[in-house]
Amino acid sequence: MRSRKWAALAALLGTLGLSPALLPAARAAEFQGTERQGTEPGADPALVAQGEYVARASDCVACHTAPGGRPFAGGLSFALPFGTIYAPNITPDPRNGIGGYTEAEFARAVREGVRRDGASLYPAMPFPSYARMTDADIHTLYIYFMHGVTPVANPVRPNDVMWPFSMRWPLILWRAAFAPSVKAAQTASARPFADPQTARGAYLVEGPGHCGACHSPRAMTMQESALTAADGTRFLAGGGAVDGWIPVSLRGENRTGLGRWSEEDIVAFLKTGRILNGSAFGGMTDAVGHGTQYLTDADLHAIAHFLKSLPAGDTAQRPWAYDATLAGALHSGDVSAQGARVYVDRCAACHRTDGHGYPTVFPPLAGNPVVMDKSPDSLIHIVLTGDTVRATRNAPSAFVMPGFAARLSDQKIADVVSFIRKAWGNDAPPARAEDVARIRKALAGSEAGVASLPLN
């Protein structure tokens, strides 16, 4: 399994809810997903269907399903520096899953991070965000998991976490210090907004959507530096590394955020994972594939409207402007710039010598916020392992980029990444061979297996 830093896990385990109005009643009965194995007699089919939609939109299946396993049956492992955590079984199996949970116990686990037996959940469960979820959200989700998911008798192995991290009681202190109470979180969600659409978007982003779990920076004690937009400009200003991927800013920065994106761009990205400006990568691929593509247009527009209301956190950024200098050199056959030869041989066929790519098929590199991020890690990771633009309901074709870990040395990858970050007006700091080696080592033993691949 892929190695994940502690901060990354806040977006991964226990992803359990969105809003009570995600699926209008008129559409609830029409929605047919793949995770519902059967509805128990007596359960309201409309509530079960809506709960299924909420669960899919929340990406529960991705984190609670092991490769080759049954949906929601748990067992997916997450390797940490201090041990391994295994995602729990959240099917309604009474012995191995959550079948014995009352709705109140379910709500306490989701919103307060406390298990049925009173033990604390690891903050990998983003309960500081879920504390904002309404009772209606919790009820709908509970109905789905108890009545729309088939119980699976899959006993998940215990976490293998070294002492003292294996002790859960200190997490009581962590919750008291850093996790808001349900009342405080819901009061914050009810603060005044400019209009109902912004309020709706804020609720989805700050609460059940828990976007800040990845896209907000964290303190040394692993809490998010800001949980809502009211907490300051660190909220959604870009997060720490997740498997070598760097979650970008979702604020209004021109170069590294959403400053040049329109609301329609954001909606299209969340629906398809690809737009003229770029494509989903890393964990966002799963977020779109399992989640946001199933949201209603009204909720997608609400999210986009709220995100566009956030001013830039980094106000010193100068606007990006296209520079054709290196494109002209490549077009004329001049590959003297460091990394240019590798780019022409390995990258230009898809991303073109002008860096514009073939949008919605092969993303542009010119002006791409991921490329211009202060850290080169995401770009290095993509070059090492490759990536896939996943098929979605509204964009049914998938496109694959191969990885170059086996064919390029650390220095050559650093050279081509540095070239991409400099070209076309990107003007981002260069990458070093040491950066590539660090990420290659971090990915050792992962699904990519890049550390064991030979180099030419």
Side-chain angles (χ1 to χ4, degrees), residues 1-17 35 55-56 58-101 105-106 108-110 112-130 141 145-146 149-172 174-175 210 213-214 222 241-245 282-283 286-287 290-291 442-449:
M1 272 316 125
R2 293 178 292 174
S3 173
R4 300 181 185 272
K5 292 186 177 181
W6 179 266
L9 285 174
L12 297 176
L13 296 180
T15 310
L16 290 175
E35 274 76 51
R56 287 177 60 84
S58 304
D59 205 13
C60 304
V61 68
C63 297
H64 289 276
T65 307
R70 299 283 296 278
F72 307 116
L76 185 64
S77 64
F78 300 92
L80 303 172
F82 48 81
T84 302
I85 290 178
Y86 296 90
N89 181 335
I90 57 171
T91 73
D93 181 77
R95 186 177 184 86
N96 304 286
I98 60 172
Y101 274 62
E105 291 167 341
F106 180 82
R108 191 181 185 205
V110 173
E112 300 178 52
V114 181
R115 294 190 320 203
R116 186 188 185 208
D117 62 3
S120 297
L121 293 171
Y122 287 106
M125 171 75 165
F127 52 84
S129 295
Y130 288 158
L141 200 63
F145 276 110
M146 293 303 171
V149 173
T150 298
V152 180
N154 179 44
V156 175
R157 63 185 295 182
N159 294 328
D160 183 16
V161 178
M162 68 178 66
W163 188 87
F165 301 103
S166 57
M167 297 189 300
R168 291 180 182 261
W169 69 262
L171 294 172
I172 298 173
W174 191 95
R175 293 203 318 270
H210 64 279
C214 281
M222 292 303 151
V242 181
D243 282 347
W245 308 114
D286 284 337
H290 292 292
L443 292 168
S446 71
E447 293 157 299

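We number each residue from 1, following the sequence as shown.
For Asp93, the side-chain hydrogen bond (donor to acceptor under 3.5 Å, both in side chains) criterion is met by Asn96, not counting sequence neighbours. By the salt bridge (charged side-chain N to carboxylate O under 4.0 Å, His left out) test, Arg168 pairs with no residue at all, sequence neighbours left out.
Although no hydrogens or angles enter the test, the distance criterion places no donor-acceptor pair under 3.5 Å between the side chain of Ser120 and the main chain of Leu171. With Arg116 contributing its side chain and Gly100 its backbone, the two residues share a donor-acceptor pair below 3.5 Å. A side-chain donor-acceptor contact under 3.5 Å links Asn89 to the backbone of Val152. His64 places a side-chain N or O within 3.5 Å of a backbone atom of Pro88 that can act as its donor or acceptor partner. Although no hydrogens or angles enter the test, the distance criterion places a donor-acceptor pair under 3.5 Å between the side chain of Thr65 and the main chain of Phe72.
By the 4.5 Å heavy-atom criterion applied to side chains, Arg115 and Leu121 are counted as neighbours. Side-chain atoms of Val161 and Ile85, non-hydrogen and from C-beta on, do get closer than 4.5 Å to each other.
Taking CZ of Phe127 as the start and CZ of Arg175 as the end, the distance is 6.0 Å to the nearest 0.5 Å. With values rounded to the nearest 0.5 angstrom, Phe106 atom CZ is found 5.0 Å from Ile98 atom CD1. The structure places CG of Asn159 at 8.5 Å from OG1 of Thr84, a figure rounded to the nearest 0.5 Å.
Contact record, Ala73 with Asn154: O-ND2, 2.7 Å, taken as the closest heavy-atom pair. Across all their heavy atoms, Met125 and Ala109 have their closest contact at CE-O, 3.7 Å. Closest of all the heavy-atom pairs between Tyr86 and Gly75 is CD2-O, 3.8 Å.
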